[in-house]
Structures are given as structure tokens and as C-alpha cells.
Peer 1: 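I'd like to ask you about the structure that follows.
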Number of protein chains: 2
Amino acid sequence: MTTRSGTESFGSESMTMRDVARRLGVSPMTVSRALRGARGISEATRARVLAGVSELGYRPNKLARGLRSGGPNELIGLVVTNLANPFYSQLAIGVEQVAVSFGARVVLGGTGEDAGTEQEVVADLVSRGVDGLVVVPTGYDHAHLGAVTAHGTPVVLAASPPMGIDADCVVVDDFGGTREACRRLLARGHRRIGFLGLPASLWTGSERFRGYAVALEEAGIDVDERYVSRHRGDIALAERAARDMLALPDRPTALVTANNRNTIGALRALRDWTGDDIALAGFDDIELADMLQLPLTVVSYSAVDVGRSAAKLLFEHLESSGPLPRSSRRVVIPTTLVDHPTAALVPH
Amino acid sequence: MTTRSGTESFGSESMTMRDVARRLGVSPMTVSRALRGARGISEATRARVLAGVSELGYRPNKLARGLRSGGPNELIGLVVTNLANPFYSQLAIGVEQVAVSFGARVVLGGTGEDAGTEQEVVADLVSRGVDGLVVVPTGYDHAHLGAVTAHGTPVVLAASPPMGIDADCVVVDDFGGTREACRRLLARGHRRIGFLGLPASLWTGSERFRGYAVALEEAGIDVDERYVSRHRGDIALAERAARDMLALPDRPTALVTANNRNTIGALRALRDWTGDDIALAGFDDIELADMLQLPLTVVSYSAVDVGRSAAKLLFEHLESSGPLPRSSRRVVIPTTLVDHPTAALVPH
DNA sequence: CTGTTAGCGCGTTCAG
DNA sequence: CTGAACGCGCTAACAG
């Protein structure tokens, strides 16, 4: 008799600690102590209680536990703008991995890229007793998150540094990665390089553009606004912007794209392009990039690592119970430049 | 003065309903009633209380509420095998959308494709007071989920029908989709069609293979075991299996793949293939499939819809409070066959 | 319409 | 080492 039949895993009507205690002829307190591995109880009774608990299929109510102690609820919140973006699902994977390793679970909160919703979602999660939050902030004013920290719930930012508050954060090397990508294009002789990017109001948008601008400046090239398009990253918008750039009389010979959606837009534009070869480099790796019809250089990094690091920072705060030191560490996730040659160009 | 400054959204130390009541000179009960829109309170006092609540930035503690009322906690659990699989992140998106539209949030639970872990995770989520669960079951015995339902927590299955219990479920048309894909290959004159699939122990694996077998039988072709590979869907394993099949003396002229990882493996194998053209059709759509170097036919469907439908079924149960009728509805998400021609074959 | 009492299930505190 | 009382924050159920 190794495992019990699943059908008995739950009492028919949810059982309380008192019920267990009664049937075992002890006090609820003894059951509680046995269950939490607390001291002040003999090994004999503990074993007996645990056996009974397992027998009856009793599970303590975590809601009640959290309500009572103010102690950890083993629950953290993950607030992201848009789960449909693969970056965020990867991030969620990382956060979940670390959370589970600390015995905690993850509650999701989607903001739909709206700052008001973000504030609402964060407040809701706090009212649900999350021990902490990993937040990908939407806006450029994080003051309301500062209020959460003050309330006693630590917050770690992902993909953007804190603005207007102190908080730990994990960011990708947006600047360095983009600069490297541009440098590679420059090293290959390109002088007219187009940029398809994100709004300057987004941290990543701003940093990646800066990487582009610095790389060009290092090469003694001025940024030409006709070669720059910055928008919220729709694939359709990116494709159109790429087409427009290619229609210029002195069109760019290479394009740099600031995220995967811009890259895909550019790829679609180039798919129909019949003129000279256009080189392409972009932020974010793409699955099957080695199967595409065009060679592609990408700035690759692990979004899972972003999530993992953020969660780790969060749990460090949670372990060291105290009045939340004004920490403001910054972890930078490195990027790698990867060349994906086309199969046709690399015969076997 | 439209919005309040974010900094005041939380009291410095978490405030209780009694604090609010005291400062307003009323009883906690009045505050409670005002907050929940309960009846038995004059509009005047309600307005005054709500103003005060908003002023003080008070938020009720949902843990305490849930504990007391036994009512809905506005929290549902989503249990999946492996978030890294895009199917599950899409599913999560759908579930989250519907949950939010019902004012609920989603707690994640990963099982790592282990039946024991699944049982543990489900029990944990129940102990956290979820109102219901959407589960992508791991094993082929769902008895332990039946125990959860008996406990009073409704469960909806996704991607697999219930086995050994009664439960609502949402499944993809695995059988029909695969049969269509095979039919298309047969219509193009292929007679030797290879199958790269999943273990028969998985529902999807079994159903998709059945679609393959039926399509062949309809065409008067016997299944040739040399053309069939069934394994847990690693990309590497799939690639190897594809290579092995192509090495056969009378090799298949077409391959059918049972999921995206098998498709990718097959694509990689074909990338280096120098012989006659091999046709490829697979379950699951692939982003940028139209940019690949090979034409590809895919069985496409919306994983988001799977999540949405599952969540909708769940909330229907939750709305109709009662002793959980032994419901066992089955929603089938349809598939579409999509041809992705290669750019090179479709000049513009 | 409003306020008081009691208790959700558990854990801290203090007696035995 | 064990048990009894009390309270976490909120809300049914009953007073007034």
C-alpha cells in the first residue's frame, strides 16, 4: 500500500484542523505544530498526527494561514503588459520556475499596456496578499509602485529600470546589444542603415535607439531621420515603414530592427523586394531563423533569464525579513549577436 | 482634481475596515455594505462611505473576505504541463482574458508533465481557495480530479477529454485536422506518407495518429510501420526520425507531423536534404511559415480559443451555484488547413 | 436603515 | 511537551 487512491484526497466537505484534531484525540494546536514542523512536540505524536493527516487527506487552508500570521502566503504577482508577446510568456516561465523552487505560486495580471489598469491590477494583487511583485511597468512614472513598496510589499521591475522610485530591476542590455548589431553591419561596409524602432517613451525603445545612434556616431555617420521610423511595434506598421525606406532614392543598404515584430515586418517587406540585397539585423531572436530565405543577424538573449533574475531578486528581499531596505540593484542580462545564414548560402 | 496621486493609494500601514469605520464615525458593517453594494443602506451614507474609502485609499483584504464568506474568491487556477510550449502560453492568454472579464485572476501551476506533481499542484491551488480550475491533464487517469470536483471545485479539462470522471472539456479537432492534412497530401498523388508523432499514451498523440490511419485507409493504403515514428516530441528526436525515414530505400514522398516540434525537426532534416522534393504537412501553425524555404501545409487552430472556451465553461459552472451537476459537455475547436507556399515559388 | 455579536480556519501567546 | 484563549479582517445572522 504505497500510494492512496486519488479519490480520497479530499474530504467530501472541506475538513478543518479541528476535525482532524478531534478524530485523533488531540488539540488543533498539536496538529498545527506537526504540520508546520514547529518544535515543541514529540516525534511520536508528530508522526502519529502526520499519519492521520495523510490518512484523512486533510490539507490546511492557505487562505486562513495567510490571514492569521501576516507571514508569507507563498504567492507572488506577475504584472505584464501583454501576455501575447512571446517575451512575456518567456518571462513568466522564468518567474514561475524560481517561484516554485521557493515553494510559491504565481498570479498573473495583465495591464493591456494601460497605466491605469496597471495601478488597478497591482492594488488588486496586493489585496490578495501576494508576498511580492514582479512588474513590467507600462508608463514612465512608477510612483504608485513606490506606494506598494512602502506598504510592505517588495516590487522588482523587469525590462525597465525604476523611474521616480527605488527598486531592484532586471533589464536587458538594450543599448549594448543594438550597438553591437549596428557595428557588425558597419564592419561589413554598410553606411546607410535604417532603423525600425519603438516609441522613445518606452525605455527599451529609447535605449535601443541610443545604441543605434552611438554606433553610427562612432563610425562618423550622422543619424538621418529619413532612415528612422519609431512606432509602437506592429508588424504591419513595420512592414510599411520598411517599404517606405526602400523606396527612397538613396535607400539604406541595411536595416536594424528594434524588436521581433519590427523584424518580422521588415522580413515581409524584403520578401517581395527585388532590388539589391538588403542586410538585416534585429533585436530578439526568431525561431527557425536558420530556415528563412534571408540571412539574418539577431541580438539574442534569454527572456527566461530576465524572469528568473527578477524572481530571485524578489525572493532575496522576502527571505531577509525587515523593513525593506531601499535597495536599488540593477541586473543586466547580456545579449549575444548571432548570425543566421541562409541554408542556400551554406551548401552541405 | 480628477485622479489622486498614486502615492496615496496605500495607507502607510495596511488599513482595516475598522479604521475606516472609526474615522467615518460608523460601524464596520456599514462600510462593508457600502463597499459590496449590498442593500439595506441609504444612498446618502453609501456615498459618504465610498468617498471616505476613496479618500483614505483603503482596499479590502480579499483573503479575509474569501475566508469569511465562503463565496467566490475571484481566482481560478490554470494547470498546464509546460509553459514553455507556445500552445500553453496561448491557452493561458485565452483563460486570462475570460477570467478578467469575469473579474477574476489566474494562478499558474506547472506540472512538468508529471502526474504526481499535477496532483500536488491541484491540491495546492484548491487549498488557496480557487473557485475553479482549468487543467491540461498529464496522465490518462483523471480520478484525482474527480475528487476535486466532489470537493466542490469545478474542473474543466483542456486539450484532452475526461477519462474516468465526468467533466466539461475543450479539445482541438485532432483527428479531423490530421485527416484533412493527409487527405490533401493524398490528393496530390502521394502514396507513401511518413508520420512523425507523439506517444499513443497522449490523447492528442492517439487522435492525430488515428486521423492519419483513417485517411490512409480511406485511400486504400495500409499503414507501414517503417513510415511511422512516435515519441515524445523533441525537435532533435523528430529530426533524427525524419532522416531515418528519408534513408529508407523506398522512402516516403511526404511527411505528416503531429505537432510543431515534430514539424520543426522535419524542417531541419529537409533543410539538408538534396534528393527529390519531399512534401510536408503538420499540426500547429508556425510563425513566418510563409518565409521558409520549403512549402508547408499546416493544420491551424486557435489555442487562445481553447483557453477562452475552457474558461467560459468554467465560469458557467461558477455562475450557476449549486451542487455541481454532473456536466460533461465537450467543445471541439475546429481546425483549418493552410497552405504556406514558398516565396520563391510564388513570384510577385 | 444601522449596529452588535459571532465565527470563517488558522497561528501566536500564554497557562498548565 | 501539550492545550486553551484570543485575534487576523471581514461578513452572515441577528438585534434595535
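Note that this is a predicted model, so its numbers are computed, not measured. Just so we're on the same page: letters track the sequence lines, and every chain starts at 1.
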Peer 1: Taking N and O atoms by type only, does the side chain of Arg33(A) place a donor or acceptor under 3.5 Å from a partner on the base of dG3(D)?
Peer 2: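 Indeed there is one.
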Peer 1: Roughly how many Å is it from CE in Met15(B) to C1' in dG9(D), rounded to a whole number?
Peer 2: 13 Å
Peer 1: Given that Arg39(B) and Leu67(B) both sit by DNA chain C, which one's nearest nucleotide is further toward the 5' end?
Peer 2: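 So the residue in question is Arg39(B).
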Peer 1: Between P on dC1(D) and CD on Glu43(A), what's the gap in Å once rounded to a whole number?
Peer 2: 9 Å
Peer 1: Output yes when at least one side-chain N/O atom of Arg36(A) is less than 4.0 Å from OP1 or OP2 of dT12(C), else no.
Peer 2: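 The answer is yes; a side-chain N or O of Arg36(A) sits under 4.0 Å from OP1 or OP2.
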Peer 1: Set out, in order, the CA-CA distance, both residues' side-chain angles and the distance that settles side chain to side chain contact (heavy atoms under 4.5 Å, CB included) for Phe315(B) and Asp131(B), then state yes or no.
Peer 2: CA-CA 9 Å; Phe315(B) 280 102; Asp131(B) 304 326; over 6 Å; no
Peer 1: Can you tell me which nucleotide in dT11(D), dG9(C), dT13(C) comes closest to the side chain of Met29(A)?
Peer 2: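 Among the listed nucleotides, the one closest to the side chain of Met29(A) is dT13(C).
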Peer 1: Which heavy atom in Leu133(A) sits nearest to a heavy atom in Leu314(A), and how many Å separate them?
Peer 2: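 For Leu133(A) versus Leu314(A), the nearest heavy atoms are N-CD2, 3.7 Å.
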Peer 1: Should Tyr58(A) be listed as having a side-chain N or O under 4.0 Å from OP1 or OP2 of dC10(C)?
Peer 2: yes
Peer 1: Between atom CG in Leu63(B) and atom P in dT11(D), what is the gap in whole Å?
Peer 2: 12 Å
Peer 1: Take the protein atom CG of Asn73(A) and the nucleotide atom P of dC10(C), then report the distance between them rounded to whole Å.
Peer 2: 14 Å
Peer 1: Counting just side-chain N and O atoms, does Thr45(B) come under 4.0 Å of either OP1 or OP2 of dT2(C)?
Peer 2: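 So the side-chain polar atoms of Thr45(B) do come within 4.0 Å of the phosphate oxygens OP1 or OP2 of dT2(C), strictly under.
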Peer 1: If the cut-off is 4.0 Å, is Arg65(B) near the phosphate of dT11(D), judged by side-chain N/O to OP1 or OP2?
Peer 2: yes
Peer 1: Hey, which sits more toward the 5' end of DNA chain C by its nearest nucleotide, Ala64(B) or Ser27(B)?
Peer 2: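 Closest to the 5' end, via its nearest nucleotide, is Ser27(B).
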Peer 1: With a 4.5 Å limit on heavy-atom distance, are the side chains of Asp305(B) and Gln90(B) in contact?
Peer 2: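 Result no, sub-4.5 Å side-chain heavy-atom pair not found.
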Peer 1: Just the rounded figure in Å: distance from C1' of dC10(D) to CG of Asn61(B).
Peer 2: 8 Å
Peer 1: Return the value, rounded to whole Å, for the distance between atom CZ of Arg18(A) and atom P of dT2(D).
Peer 2: 20 Å
Peer 1: Does a side-chain N or O of Thr30(A) approach OP1 or OP2 of dG3(D) to a distance below 4.0 Å, or not?
Peer 2: yes
Peer 1: Provide, to the nearest angstrom, the distance between the CZ atom belonging to Arg68(B) and the P atom belonging to dG9(C).
Peer 2: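 Taking CZ of Arg68(B) and P of dG9(C), I get 9 Å after rounding.
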Peer 1: Between the side chains of Glu113(A) and Thr138(A), does any donor sit under 3.5 Å from an acceptor?
Peer 2: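 No.
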Peer 1: Any side-chain N or O of Ser32(A) under 4.0 Å from OP1/OP2 of dC10(C)?
Peer 2: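 No, outside the criterion.
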Peer 1: Apply side chain to side chain contact (heavy atoms under 4.5 Å, CB included) to Glu74(B) and Phe102(B), showing your working.
Peer 2: CA-CA 8 Å; Glu74(B) 298 174 335; Phe102(B) 279 87; over 6 Å; no
Peer 1: When we call it a touch if two heavy atoms are under 4.0 Å apart, what does Pro60(A) touch: a base, just sugar-phosphate, or nothing?
Peer 2: sugar-phosphate
Peer 1: Can you tell me if the side-chain N/O atoms of Ser42(A) get under 4.0 Å from OP1 or OP2 in dT2(D)?
Peer 2: yes
Peer 1: How many whole angstroms separate atom CE of Met17(B) from atom P of dA12(D)?
Peer 2: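 Taking CE of Met17(B) and P of dA12(D), I get 10 Å after rounding.
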